[in-house]
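Heavy-atom basis, side chains included; hydrogens, waters and symmetry copies ignored. As the structure is a computational prediction, the values presented were derived from the model and not from experiment.
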Amino acid sequence: DTEVTQTPKHLVMGMTNKKSLKCEQHMGHRAMYWYKQKAKKPPELMFVYSYEKLSINESVPSRFSPECPNSSLLNLHLHALQPEDSALYLCASSGANVLTFGAGSRLTVL
Amino acid sequence: DQQVKQNSPSLSVQEGRISILNCDYTNSMFDYFLWYKKYPAEGPTFLISISSIKDKNEDGRFTVFLNKSAKHLSLHIVPSQPGDSAVYFCAAKGNSGGSNYKLTFGKGTLLTVNP
């Protein structure tokens with residue numbers, strides 16, 4: 001299995017909702033990532049987990065809360081988001097130098 | 001401060017010809033470079049990479065060249081095919097501490113291969 005699976009593919013939420021994005025990999029990778037990508041921009045790093053511990057937080061607002069329940073799963077909990085948070089959220093994992101990305105979750109905040 | 005730069009937002013080539021995508025970087029601590037291809041509404045797909053100890057890496061139709069002294073790398077696609085039409089991102093990473101995990105992306109180049 002060489003894939004990173006993200007659910008849901010599309011999510012629409014209001015500013016008062018609480019929702020979660022989920023990511024799963026079975027490649028035995030010990031590092032997992034959340035990136036955010038806006039239209040016509042490069043992916044921007046949000047969080048890195050290494051061996052299930054938060055390793056990097058790129059000064060992301062607290063309305064985004066990551067969680068790594070085990071080495072295969074990564075969640076991103078969303079609460080009180082703003083319309084400007086609408087974007088494609090990408091999960092990735094890596095064993096060494098190469099990151100493998102999922103297809104992304106397209107988030108729209110109304 | 002943009003540490004990885006792709007100065008051409010777009011490139012158009014004819015099918016069968018060579019596509020050359022360029023990338024410059026400013027951080028001398030970068031020691032590993034990657035190219036990703038991205039279709040709309042999909043995640044980036046890894047294409048090819050190169051370590052700073054090499055100056056060339058080839059994989060089928062894709063070759064990446066690295067010029068460390070100029071802090072410049074390029075991706076050559078020969079021959080180009082219509083299915084290669086996508087946005088190509090150059091990315092770089094360091095090898096110490098947190099930079100080992102942090103992949104810095106360029107803004108991307110939209111390649112269009114015309115039949």
Side-chain angles (χ1 to χ4, degrees), chain A residues 2-11 21 23-25 27 29-51 53-59 68 74 86-108, chain B residues 1-10 21 23-25 29-54 57 59 62 64 66 86-110:
Chain A
T2 57
E3 284 188 346
V4 174
T5 305
Q6 290 187 242
T7 55
K9 290 195 183 308
H10 300 277
L11 178 63
L21 305 180
C23 176
E24 189 169 3
Q25 59 91 12
M27 294 177 279
H29 289 169
R30 304 318 295 252
M32 295 188 76
Y33 309 74
W34 281 114
Y35 279 81
K36 171 182 176 178
Q37 186 175 26
K38 303 276 268 186
K40 299 189 186 300
K41 299 281 188 185
E44 293 178 16
L45 181 64
M46 299 175 73
F47 302 103
V48 180
Y49 273 83
S50 172
Y51 291 87
K53 290 196 166 100
L54 184 63
S55 169
I56 295 176
N57 176 343
E58 290 285 281
S59 303
C68 189
L74 186 66
S86 299
L88 181 67
Y89 287 84
L90 294 162
C91 174
S93 69
S94 70
N97 287 311
V98 177
L99 272 66
T100 301
F101 284 87
S105 292
R106 171 70 60 188
L107 173 66
T108 302
Chain B
D1 176 30
Q2 203 181 338
Q3 299 184 62
V4 177
K5 300 177 189 178
Q6 293 177 257
N7 291 321
S8 298
S10 63
L21 296 101
C23 178
D24 298 292
Y25 62 97
M29 298 304 291
F30 289 149
D31 71 341
Y32 199 83
F33 304 89
L34 307 91
W35 285 94
Y36 283 85
K37 172 181 176 181
K38 189 178 184 301
Y39 295 115
E42 292 185 11
T45 302
F46 170 71
L47 268 179
I48 192 168
S49 62
I50 188 166
S51 165
S52 60
I53 62 173
K54 293 188 173 182
N57 189 25
D59 183 1
F62 302 93
V64 56
L66 176 63
V87 176
Y88 287 77
F89 288 101
C90 172
K93 64 192 291 288
N95 66 353
S96 61
S99 66
N100 188 39
Y101 293 111
K102 188 168 178 177
L103 203 58
T104 302
F105 284 87
K107 289 189 173 182
T109 297
L110 173 63

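Using a 4.5 Å heavy-atom threshold, the side chains of A/Met27 and A/Val4 count as touching. Counting heavy atoms from C-beta outward, A/Asn97 and B/Lys93 have side chains that approach closer than 4.5 Å.
Residue B/Tyr36 touches chain A through its side chain alone, counting heavy-atom pairs closer than 4.5 Å. Residue A/Val98 touches chain B through both its backbone and its side chain, counting heavy-atom pairs closer than 4.5 Å. Both the backbone and the side chain of A/Leu99 have a heavy atom closer than 4.5 Å to some heavy atom of chain B.
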Scan the side chains in residues 41-53 of chain B for donor-acceptor partners under 3.5 Å anywhere in the protein, sequence neighbours excluded, and list what turns up.
| from | atom 1 | to | atom 2 | distance (Å) |
| --- | --- | --- | --- | --- |
| B/Ser49 | OG | B/Tyr32 | OH | 2.7 |
| B/Ser51 | OG | B/Ile53 | N | 3.3 |
| B/Ser52 | OG | B/Asp31 | O | 3.3 |

Name the atoms and distances for all side-chain donor-acceptor pairs under 3.5 Å in residues 35-47 of chain A, with sequence neighbours left out.
| from | atom 1 | to | atom 2 | distance (Å) |
| --- | --- | --- | --- | --- |
| A/Gln37 | NE2 | A/Lys41 | O | 2.8 |
| A/Lys38 | NZ | A/Glu84 | O | 2.7 |
| A/Lys38 | NZ | A/Ser86 | O | 3.1 |

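Taking A/Gly104, A/Ser50, A/Ser94, A/Ala31 one by one and counting their heavy-atom pairs under 4.5 Å with chain B, the maximum is reached by A/Ser50.
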